[in-house]
Structure formats: structure tokens, C-alpha cells
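Numbered from 1 within each chain, the chains take letters A, B, ... in sequence-line order. Please read these numbers as outputs of a predicted model, since none were measured by experiment.
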Amino acid sequence: MESTRIAALLREGEAGDQVAVAGWVRTRRDSKQGFSFIELNDGSCMANLQIVVDADVPGYADVIGDVSTGASLRVAGELKESPGAKQRFELHAASLQLIGTADPETYPLQKKRHSFEFLREIAHLRSRTNTFGAIARVRNTVSRAIHDFFQSQGFLNIQTPIITTSDCEGAGEMFTVTTLLRESSVQNPVSGGGRDRTSLDTGHSTPDFANDFFGKRASLTVSGQLEAEIYATSLGPVYTFGPTFRAENSHTPRHLAEFWMVEPEVPFCDLEGDMQLAEQFIKSIVGVCLDECRDDMEFFNQRIEKTVLDTLHNILEHDFRHISYTEAMAIVTATDRDWEYPVTWGDNLQAEHERFLTEEHFRQPIIVFDYPRAIKPFYMYCNDDGKTVRAMDVLVPRVGEIIGGSQREHRLGQLDVRLEECGLDPAEYWWYRDLRRYGSVPHSGFGLGLERMLLLLTGMQNIRDVIPFPRTPNHAEF
RNA sequence: UCCCCUGUAGCUCAAUUGGUAGAGCGAGCGGCUGUUAACCGCUAGGUCGUAGGUUCGAGUCCUACCGGGGGAGCCA
């Protein structure tokens, strides 16, 4: 008999069905009177399936002792209404096949709750817990919802390069990609123990990238935006959705060295349209998750963060507040609160100010737009006031900045002014400038960090726990 | 990179002003039970992150290093 996923069985099964399931044991409770209860989980949903095994089931006495937490099982039998209060169905086993044991003396996962810090050290097993199973399912749903949202509106999915030689926007430290390193010239070439950083030993203080694989210095991408602009200004709305890399040495619950980013880019679109798109986009994802991941979302609301559902419904039911940077700064400086970092016009809004605005002052997502041009990158459209650019950040409660975007500077003359201001070499951006020389159009886009979206959706506090295998400084296990 | 907190049993944490290391959960064994965070009893399990130092005596105080967490910056 073919196995049925537990999610499908709980959704569509009926008492009397003959079914088989396969999964991993969460707990076992015995009655010496001659039967056992087994909680089986197969990852298809939050719920376990309760298995009832009578002692006269073939092989019972031989294997039941090894049916411990973490062991894998295949069970066939009849689905019955459960007299117990905590589940509708239970499976009365006719056959029981122990597939893989899990020594209780050494199996690290217990029935009790573990700290996320501990689970991070056993990332190869944490997906067997309720929390990480739920995160994986929600992450999957978000991923599909992202594609659905853009596909349904005619956006083209563009795969931008992961290896790049364009030093785009100079935003953030980049990881160098090189073949200049040879095993013989590397200290600690393999994963053996030592914590010394590998270092180039080319005989020169600076490696000669002209001799490198690509003939010039190459890096892992920090954004697909510039390449997305190429396709947006020829094929219409596009989006990228892929991994992004930042070699920043930042140690926070909101940063990863490797994360996933969604970046739409829309031609013939100004900042207003960009902000509308961002709002529709976020609401769409929130709505899909609430709709399709009810059990998982309920779990997050009960066990992880009791305000999650309220926050998400609040997002769906209200229009995002749009306020200019200048207004935001006025609000921040008008309060009589003692800021750790007092600011004036021209400064970046600090995290404490952003939190205040979205969590206390407006108590809902806000979009701050028209930032000072001195604190923003070269590619943003310059306003006529000469002081601001058409940039926007979407700030949400508990997470802070979840989206950053802008209308792009499509006027070649202005772009060159900004390249100059930012100390960048126009020759390096020759193809980017070409887009402004031939059929240039106003266009806009933004970037959304997938993991930050997941923080918002799940109520999890640490970004290392919403990606299966987090990469942060000193951490690239698994 | 800077600042703060922290490191004791498999896990989560205690240990009064420096005075011989404890609990709960988990695990093993036994008992009870249509059970479901099960319950009751017993047992095992720790060179207190590492290396120095102060002291008659250090889990406790000092220094360095390593690990974990948080805040800042940067950003998504």
C-alpha cells in the first residue's frame, strides 16, 4: 500500500479507510495492558497522527521498545474516529514497520521545548521540531506566493547573475570569487578545526585579478537590481528572486551573509506606483499565508509571538501610511523623548526612530519617502529641490525596514552628476549609462528581504531561525 | 568594527558576603493508565568554556583567549 501524507489524510480521510503512513515518532505512550500510542509526524502539517498499536499486531513485542522519539516508522491500518479529545482521527495499526531507530540515550531532541540557540547547533535535526517544520512550510508558501503575485500581473521572472564583476552601488562588502587560491597556498584548506582565516599567499600583497578566472575581480552579487533594470527597460515589468550575499561583519538578529531577495523592476513607473506595488505585494503574501497556513500561523500566534495574527490582520485592513522623510524627522524631533542618537535633517533615521514611528506613533506599516540624496546611492532619481531623492523604505512593526526601493534616475545628465558626487567612475557603468542613452524611461523598483518577511509572518525574533542554513560571520555549518 | 550581558549534568537553569556542586525536564529500570506537555517511585550522569593569577580555600574575585546572546553601525 502506498503511503498517504498525514495532511491529506486529516483533510480528506474518512473513518474506515485503509491507509498507510510513514514518518518520524514524536512520542510513545505505553499501556502495560497491551497497547501503545504513538504520535507520528511526517512533516506535511503541524498535526501528528496518533497511532494505536495493539500487542497482537505482528512484531509488536520485537520492535515497540525501539519506537522512541526520532525513530522512523511505516504503519498501515484502519483510520478510526478517535475517542480522545485531542484528535479527530487515529490510525489503528495492522502492521508496524520500524525503519530506522533513534537511540534515546543520544538523540538530541526531547519532547520538551529547546532554546533556539541550541537548535541552531543541530540544524540538521531542528527541522524535525514543530517550530522549524512550520517555518519551512510557511517559507515554501511565501516563495510560491511571491511568484504567483508577479506572474498574475504579467511580470517576467529574470535570473540575474550570482557571480558579478560590477561593483554595483558599492553597497556593502562583497565576497570575492576567485580561483587564484590553490590548496598549497592556503592555510587550513580543509574544514579541520582551526579558526585561522584562510589567506592569500600569492607572493604579492595584492592578488593580481587580471590572472584570475574572469580576468578581473569577481564577487557574489549584493543585488540583482542593475541587471533587472536592463530587462525591465526592454520587456516590461520583471522581478528577480534569488540569493544575495553581503560580507558585512554584522552580528544582529536581522542580518545574514546569505539571504534571499525579491526585486521587482517596473518601467514607466514612478515612486508612487512603486509604493503602491510594495503595499499590494506585502498584503498579498500576508493574505496567502493566513489563508493557506492556518495551523502553522495559529501555532506561531500561540507559541512564538502572541501578537502575530493581530499584526498581520492590521496590515491587511489598513492602508500604509506614507510620510516623507522630512515629516518623519519632524515627528521624531518633536517628541520629548530622550533618543540615544539625536538626529537632525540630513541624518539617517536610526533604528530606534524607525521603531518608534511604526510601532508607537502610527502603529502600522509606514512608507517613508524622499530621503536626503547625500545618504542614498547614485541610482536614485533626484528631486527638483536638489536635496532629496525618490527613495522609499517600508517599515513594519517588530522588524523595521522590510523593503527598500526607489524611482531610478533615468536622465543621463543627472546620473552622471550623481556618479561624480558618489566618487564612482562613469566608465565602470558604461552599460548602465547606455540604458539612459537609448530609449530611457522612468522606472522604479524595490528589494524585499525574504527572511525579514518571514520574521514578520512568524513572529520569530532571530533571522538565523527563518532560513534553513544560516550563514553569518564564523558560521557556515551544514 | 564598537559597547553590554552570558558560558555549571544531554537540555533549561539554581548555588546566600569566596567555604566540599543542586533542581526540573530528558535518559535507564520498575509501577499505573484510552493515553495525549501523562502520572508515581528508584538509578545513573558534572575536571563549573579554556589558560593563567589572587587566596588557607575560587563555580563565585582579577586578566587573556574561545563560544553564545543582545545593542549600535550598515542594510533587505
Checklist entry - When rounded to the nearest Å, what value does the distance between C1' atoms of B/C48 and B/G22 take? => result 12 Å
Checklist outcome for this item: note: A/R28, atom CZ; B/A38, atom P; distance rounded to Å ~ 13 Å
Checklist outcome for this item: Under a 4.0 Å heavy-atom cutoff, the residues of residues 321-329 of chain A touching RNA chain B are none
Checklist entry - Among B/U1, B/A72, B/U12, which is the nearest nucleotide to the side chain of A/R355? => result B/A72
Next on the checklist: Between A/D30 and A/R28 (salt bridge meaning N to carboxylate O under 4.0 Å), is one present in this structure?
Outcome noted: yes
Next on the checklist: Using heavy-atom distances to pick each residue's nearest nucleotide on RNA chain B, tell me which of A/H475 and A/H255 is more 5'.
Outcome noted: A/H475
Next on the checklist: So, using salt bridge (charged side-chain N to carboxylate O under 4.0 Å, His left out) as the criterion, who are the partners of A/E421 when residues are at least two apart?
Outcome noted: A/R373, A/R418
Checklist outcome for this item: Rounded to whole Å, CG of A/L125 lies from P of B/G10 at a distance of 17 Å
Item to check | Nearest-angstrom distance, C1' atom, B/U43 to B/U55 | outcome: 39 Å
Checklist entry - Between B/U6 and B/C61, how far is it from one P atom to the other, in whole Å? => result 9 Å
Item to check | Atom pair distance, as rounded to whole Å: CD in A/E263 and P in B/A76 | outcome: 9 Å
Next on the checklist: Measure CG/A/N474 against P/B/C65 and give the value in whole Å, please.
Outcome noted: 15 Å
Item to check | Closest to the A/R120 side chain, choosing from B/G67, B/A76, B/G69 | outcome: B/G69
Checklist entry - Taking OP1 and OP2 of B/C74, is either one under 4.0 Å from a side-chain nitrogen or oxygen of A/S250? => result no
Item to check | Partners meeting salt bridge (charged side-chain N to carboxylate O under 4.0 Å, His left out) with A/R139 (sequence neighbours left out) | outcome: A/E451
Checklist outcome for this item: For A/R120, the salt bridge (charged side-chain N to carboxylate O under 4.0 Å, His left out) test, sequence neighbours excluded, returns A/D465
Checklist entry - Would a distance-only check, ignoring hydrogens and angles, find a side-chain to backbone donor-acceptor pair under 3.5 Å from A/T472 to A/H475? => result no
Next on the checklist: Show me the pairs that pass side-chain hydrogen bond (donor to acceptor under 3.5 Å, both in side chains) and involve residues 269-288 of chain A, at least two apart or across chains.
Outcome noted: A/E279-A/K283
Next on the checklist: Measure CG/A/L454 against C1'/B/A76 and give the value in whole Å, please.
Outcome noted: 12 Å
Item to check | Check: A/P372 main-chain N/O paired with A/T388 side-chain donor or acceptor under 3.5 Å | outcome: no
Next on the checklist: Just by distance, no angles: are the side chains of A/Q151 and A/Y239 close enough, under 3.5 Å, to form a donor-acceptor pair?
Outcome noted: yes
Checklist entry - In whole angstrom, what separates A/H353's NE2 from B/A72's C1'? => result 12 Å
Next on the checklist: I'd like to know if the side chain of A/E327 and the backbone of A/S324 have a donor-acceptor N/O pair within less than 3.5 Å.
Outcome noted: yes
Next on the checklist: Restricting to side chain to side chain contact (heavy atoms under 4.5 Å, CB included), what partner residues turn up for A/S127, sequence neighbours left out?
Outcome noted: none
Next on the checklist: Counting primed atoms plus P, OP1 and OP2 as sugar-phosphate and everything else as base, spell out the protein contacts along nucleotides 26-37 of chain B at 4.0 Å heavy-atom distance: B, S or - for each nucleotide, 5' to 3'.
Outcome noted: SSS----BBBBS
Item to check | Separation of atom CD1 in A/I282 from atom P in B/A76, rounded to whole Å | outcome: 14 Å
Checklist entry - What pairs with A/D295 under side chain to side chain contact (heavy atoms under 4.5 Å, CB included), at least two apart in sequence or on another chain? => result A/M46
Checklist entry - P atom, B/G59 versus B/G53: distance in rounded Å? => result 15 Å
Checklist entry - Which comes earlier along RNA chain B counting from the 5' end, the contact point of A/H114 or that of A/R464, where each point is its nearest nucleotide? => result A/H114
Next on the checklist: Could you write out RNA chain B as dot-bracket? Rules: Watson-Crick or G-U wobble, both distances under 3.5 Å, brackets [ ] for crossings, | for pairs with another strand, dot for unpaired.
Outcome noted: (((((((..((((.....[..)))).(((((.......))))).....(((((..]....))))))))))))....
Checklist entry - Are any of A/N462's side-chain N or O atoms less than 4.0 Å away from OP1 or OP2 of B/G70? => result yes
Checklist entry - Can you tell me how far P in B/C56 sits from the matching atom in B/U12, rounded to whole Å? => result 38 Å
May I have the list of side-chain donor-acceptor pairs in residues 75-83 of chain A shorter than 3.5 Å, sequence neighbours left out?
{"from": "A/S82", "atom 1": "OG", "to": "A/G84", "atom 2": "N", "distance (Å)": "3.1"}
{"from": "A/S82", "atom 1": "OG", "to": "A/Q87", "atom 2": "NE2", "distance (Å)": "3.0"}
{"from": "A/S82", "atom 1": "OG", "to": "A/E90", "atom 2": "OE1", "distance (Å)": "2.9"}

Checklist entry - Contact class for A/F259 vs. all strands (heavy atom < 4.0 Å): base, sugar-phosphate, or nothing? => result base
Checklist entry - A/T106 near the nucleic acid: base, sugar-phosphate alone, or nothing, with a heavy-atom cut-off under 4.0 Å? => result nothing
Checklist entry - Taking the same atom, P, in B/A37 and in B/C29, what whole-Å distance lies between them? => result 23 Å
Checklist entry - A/I403 near the nucleic acid: base, sugar-phosphate alone, or nothing, with a heavy-atom cut-off under 4.0 Å? => result sugar-phosphate
Checklist entry - Choosing from B/C11, B/G68, B/C74, which nucleotide comes nearest the side chain of A/E117? => result B/G68
Next on the checklist: Going by the rule side chain to side chain contact (heavy atoms under 4.5 Å, CB included), which residues pair with A/F37 if we only count those two or more places apart in sequence or in a different chain?
Outcome noted: A/R29, A/F35, A/Q50, A/V52
Item to check | P-based separation of B/A21 from B/A27 [nearest Å] | outcome: 28 Å
Item to check | Gap in Å between the two C1' atoms, one belonging to B/C11 and one to B/G68, rounded | outcome: 15 Å
Item to check | With sequence neighbours excluded, residues passing ring pair (Phe, Tyr, Trp, His ring centres under 6.0 Å) with A/Y381 | outcome: A/H410
Checklist entry - Can you find a donor-acceptor N/O pair under 3.5 angstrom joining the side chain of A/R452 to the base of B/C75? => result yes
Checklist entry - Any side-chain N or O of A/N348 less than 4.0 Å from the OP1 or OP2 oxygen of B/C75? => result yes
Checklist entry - Atom OH of A/Y341 to atom C1' of B/C74: distance rounded to whole Å? => result 13 Å
